[in-house]
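These notes concern the structure reproduced below.
From a predicted model like this one, the values you see are computed outputs, not experimental measurements.
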Amino acid sequence: MFVESHIDNLSQLEQGWDGYDAPRIEQWAILDAKAFIRSIAAFLQVDPHVMPTNCGGLQLEWVVGDRELEVEFEAPSIIHYLKTNTVNGEDEEEIINSNKQWETAVNLVKWVQKG
């Protein structure tokens, strides 16, 4: 899967990859992002853009029509998301409960793909 190989490539970034002092991507972020991608693979129609964050995490981003979704793995057992609809505005939330985080994030990926 292309997304997983892109995550693997990003895992090779060294400390300071951003030209400042950003840390390497944390192993938990790599594992969580790959597990999440595998959990949505059956209905994934649009591959996300994958980018490192300057705090050692990973962010997945989808843009489909007037819908945008950012899912960020910023700390172990925390998924942060920002969903935007140019018609309705933004909704931002941090999901901490491990059962709810996957379910909510999966539903958001379904939402953004309706584009």
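Evaluation of the side chain to side chain contact (heavy atoms under 4.5 Å, CB included) rule for P23 yields no partner, not counting sequence neighbours. For A75, the side chain to side chain contact (heavy atoms under 4.5 Å, CB included) partners are I78, not counting sequence neighbours. E14 pairs by the side chain to side chain donor-acceptor pair (under 3.5 Å) definition with R24, not counting sequence neighbours. The side chain to side chain contact (heavy atoms under 4.5 Å, CB included) test applied to V106 returns F36, S39, I40, F43, K110, not counting sequence neighbours. Residues that satisfy the side chain to side chain donor-acceptor pair (under 3.5 Å) test with D8, not counting sequence neighbours, are K34. Partners of W17 under the side chain to side chain contact (heavy atoms under 4.5 Å, CB included) rule, at least two apart in sequence or in another chain, are L13, A22, P52. Residues passing the side chain to side chain donor-acceptor pair (under 3.5 Å) test with D21, sequence neighbours excluded: Q15.
Q113 contributes a side-chain N or O that, together with a main-chain N or O of V46, makes up a donor-acceptor pair within less than 3.5 Å. Proximity of a side-chain donor or acceptor of H6 to a complementary backbone N or O of V50 within less than 3.5 Å is detected.
Of all heavy-atom pairs between R67 and N85, the closest is CG-ND2, 4.1 Å. P48 approaches L60 most closely through the heavy-atom pair CB-CB, 4.0 Å. Heavy atoms only, all atoms of each residue included: G57 and A29 are closest at CA-CB, 3.9 Å. Smallest separation of non-hydrogen atoms from L58 and I30: CD1-CA, 4.0 Å.
E70 has no carboxylate O lying under 4.0 Å from a charged side-chain N of K83, or vice versa, which leaves the two without a salt bridge.
To the nearest 0.5 Å, atom CD of residue Q59 and atom CZ of residue F73 are 10.5 Å apart. Atoms CD and CD, from E68 and E61 in turn, are 6.5 Å apart once rounded to the nearest 0.5 Å. Here CH2 of W111 is found 6.5 Å from CG of L69. Values are rounded to the nearest 0.5 Å. The distance from the CD atom of Q45 to the NZ atom of K114 is 11.0 Å, given to the nearest 0.5 Å. Between the CG atom of D47 and the CD1 atom of I37 there is a distance of 7.5 Å, given to the nearest 0.5 Å. The structure places CD of Q27 at 10.0 Å from CG of D32, a figure rounded to the nearest 0.5 Å.
Transitive grouping of hydrophobic side chains (ILVMFWY, heavy atoms separated by less than 4.5 Å) keeps V63 and V71 in distinct clusters.
V109 has its side chain out of reach of N107: every pair of non-hydrogen atoms, C-beta onward, lies at least 4.5 Å apart. For the pair W62 and L108, the minimum side-chain heavy-atom distance is 4.5 Å or more.
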